[in-house]
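To find a chain, count down the sequence lines: A is the first, B the second, and so on, and within it residues start at 1. Basis for what follows: all heavy atoms, side chains included, without hydrogens, waters or symmetry-related copies.
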2 protein chains.
Amino acid sequence: MIDVARLAGVSHQTVSRVVNGHPGVRPETAERVRAAIARLGYRPNATARALVTRRSGLIGALLAPGPDTDLLLAGIEAAVRAAGRTLLVTAVPPDDPAAAERLLDRVVDGCLAVAPPPALLDLLGALADPPPTVVVDGPATPLGPAVAPDHRGAARALTRHLLGLGHRTVHHVAGIPGSHSSAEREAGWRAALAEAGAAVPVPVPGGTGPAAGRAAGRLITARRASGEDVTAVLAADDTLALGVLRAFADTGPAVPGRVHVAGIGDRPEAAHLVPSLTTADTAARTVGERAARLLLERLEGRGAPDVQAPAATLRPRASTGHW
Amino acid sequence: MIDVARLAGVSHQTVSRVVNGHPGVRPETAERVRAAIARLGYRPNATARALVTRRSGLIGALLAPGPDTDLLLAGIEAAVRAAGRTLLVTAVPPDDPAAAERLLDRVVDGCLAVAPPPALLDLLGALADPPPTVVVDGPATPLGPAVAPDHRGAARALTRHLLGLGHRTVHHVAGIPGSHSSAEREAGWRAALAEAGAAVPVPVPGGTGPAAGRAAGRLITARRASGEDVTAVLAADDTLALGVLRAFADTGPAVPGRVHVAGIGDRPEAAHLVPSLTTADTAARTVGERAARLLLERLEGRGAPDVQAPAATLRPRASTGHW
DNA sequence: TTGTATGCGTTATCAA
DNA sequence: TTGATAACGCATACAA
């Protein structure tokens with residue numbers, strides 16, 4: 001900056017003014033400064049600026065594993081980028097919550113906690129002065145508000161849809177144990193069964209991902225082999241559903257019959273599988289965007305209005321497997 | 001830091017020594033300092049530290065859209081986290097290369113350019129003093145070395161495999177136009193066809209994603225309807241392949257016959273589709289990890305050995321569609 | 001309209 | 001073994 005000042009024949013203070021668009025600089029002077037900046041390829045040092053302004057322009061994202069982490073992150077990244085800020089990302093494995101601390105030691109203006117397990121929220125709460133935080137896909141906390149997909153509504157709508165198709169009950173493959181999304185999805189499923197007075201089968205342990213879904217599908221196959229009434233399955237996410245369908249295909253058509261399998265999330269491939277997957281769109285990407293925008297508005301002091309997560313949209317499709 | 005110093009009855013400089021584990025502090029003094037740190041919940045300010053050391057501990061990742069961006073990013077994140085550094089992430093849409101500049105204005109110690117289009121590399125090269133850079137999934141540049149998945153080997157092995165199954169030729173659905181991965185994959189496919197003396201059909205425009213694949217699949221359907229010999233298809237990535245299979249299913253079994261469809265990448269769902277997808281594992285996640293480690297080693301001055309990308313592994317599976 | 005002086009929270013150099 | 005002092009590159013109050 002001093003080099004630029006020297007070249008333009010002004011003080012470094014005037015350079016600062018020009019760089020930050022402050023008023024009260026003669027246009028001709030500003031022009032000289034800009035020329036010098038261009039000539040020297042000068043770029044302001046964000047670190048020094050952050051030190052003195054106490055604002056870094058950095059937003060931290062703490063990512064715990066969940067079924068929609070990638071889509072949530074995509075939305076967050078887009079919103080942060082659109083705001084001209086920069087995103088700091090770290091995964092927070094369940095066995096290493098300290099990964100979050102290493103990120104928070106960077107000076108972040110604000111922080112997004114994605115699908116945080118309780119241990120992570122505790123860690124944040126125990127900080128000397130925690131950054132403004134918005135929870136994405138989790139419960140609101142004293143640290144700040146939360147924005148979450150409509151898991152419950154999605155599960156409920158799907159379960160109702162399946163019951164409406166004539167199934168006497170709907171079995172459930174659960175999501176990641178202890179996660180907010182999985183609890184909400186299970187709650188929605190239970191609610192719809194209760195409304196309809198349907199029997200409530202014991203949920204099948206799942207997790208997330210096609211391999212976990214395939215394993216769960218085998219359990220369901222066994223369940224049916226033991227005589228239970230299984231004609232419809234709601235998996236906690238699309239990737240599980242895909243695996244469940246595969247498990248049914250593995251069994252082969254030896255035992256005749258068809259099962260309707262639904263997922264949750266409407267991942268990009270859901271519509272293009274053979275057969276396409278019945279699911280509900282929870283707009284995870286949009287949720288990520290809105291959460292980030294909420295955080296940004298709070299940082300700018302605007303008393304941000306409560307952010308509404310989009311309602312889940314049912315996507316009835318043909319997804320049946322045979323066995 | 002001054003508060004800590006006061007509480008421990010030492011100078012701030014001694015606090016700094018303790019924090020950084022410098023030698024020459026009496027153990028008893030160090031203990032007093034540590035106690036004060038704990039009592040006040042003091043955490044060193046990374047910004048101030050970066051200002052004076054000229055090293056921020058930050059690694060920037062510039063992400064251009066590509067078929068494996070998510071897996072590459074996952075590997076990068078893990079390696080950066082394991083090294084105790086922090087990752088800065090920004091997507092660089094083709095229409096907004098300036099997004100990269102905003103990230104680079106942060107002081108990053110080094111930078112990973114993922115699937116960079118030429119425009120992005122130009123932008124990096126034009127910087128006054130560009131950060132040490134490793135290209136991931138792209139060509140090596142004057143800025144630094146590159147680590148890329150074995151696209152060409154994967155495509156070649158798959159094409160050979162299909163030809164070995166007795167197909168007279170293999171049609172190709174291309175990836176993202178102008179991308180390194182897509183050019184390499186196409187080259188591998190051409191090489192295998194040339195070796196076998198097989199006819200080289202015009203590549204079908206694809207892109208990435210199941211929707212693009214489905215559209216490409218329709219083009220192939222039309223191609224066959226016009227009398228061409230189409231019995232095997234190599235799609236440039238698994239998500240395209242999935243869409244292609246769907247397009248064939250859409251056509252229905254009206255015209256009898258089967259097509260063998262293969263993808264590239266071995267995405268997690270590939271093994272669990274019905275039928276499962278023939279593909280080749282390019283270990284994108286591992287490539288991301290290795291690229292990040294290469295960058296980190298260069299930053300630490302170690303004359304890093306050339307990093308070897310893992311060879312592609314063929315995954316022959318049952319993926320046929322009918323029409 | 002412009003310049004001078006001060007401080008942001010550290011680390012590094014030197015002297016004690 | 002420790003402390004005083006000077007940077008690091010910038011923004012901000014104040015003076016000119």
query: Heavy atoms under 4.0 Å, any strand shown: does V10(A) hit a base, just sugar-phosphate, or nothing?
result: sugar-phosphate
query: Side chain of V52(A): nearest nucleotide among dT11(C), dC8(C), dT10(C)?
result: dC8(C)
- prompt: Among dT2(D), dT1(C), dT10(C), which nucleotide sits nearest the side chain of T14(B)?
  reply: dT2(D)
task: Apply salt bridge (Lys or Arg N to Asp or Glu O under 4.0 Å) to D150(A) and list each qualifying residue two or more places apart in sequence or on a separate chain.
output: none
Side-chain heavy atoms of I59(B) within contact of T86(B), under 4.5 Å: no
message: Once you apply a heavy-atom cut-off of 4.0 Å, does R54(B) come out as touching a base, just sugar-phosphate, or nothing?
response: sugar-phosphate
task: Scan R43(B) against the nucleic acid and name what it touches under 4.0 Å (heavy atoms): base, sugar-phosphate only, or nothing.
output: sugar-phosphate
message: Given H151(A), which partner from the list D137(A), D68(A), D237(A), T282(A) fulfils the side chain to side chain donor-acceptor pair (under 3.5 Å) test?
response: D137(A)
- prompt: Of all the nucleotides listed (dC10(D), dG3(C), dG9(C)), which has the minimum atom distance to the side chain of Y42(A)?
  reply: dC10(D)
message: Considering every strand and a 4.0 Å limit on heavy-atom distances, what is the contact class for T47(B): base, sugar-phosphate, or nothing?
response: nothing
message: Using a distance-only criterion (donor-acceptor N/O pair, under 3.5 Å, no hydrogens), is the base of dT13(C) paired with the side chain of Q13(B)?
response: yes
- prompt: When the C1' atoms of the five terminal pairs at each end define the local axes, what inter-axis angle does the helix from dT1(C)-dA16(D) to dA16(C)-dT1(D) show, to 10 degrees?
  reply: 40°
field: P310(A) vs R290(A) side-chain heavy atoms within contact, under 4.5 Å
entry: yes
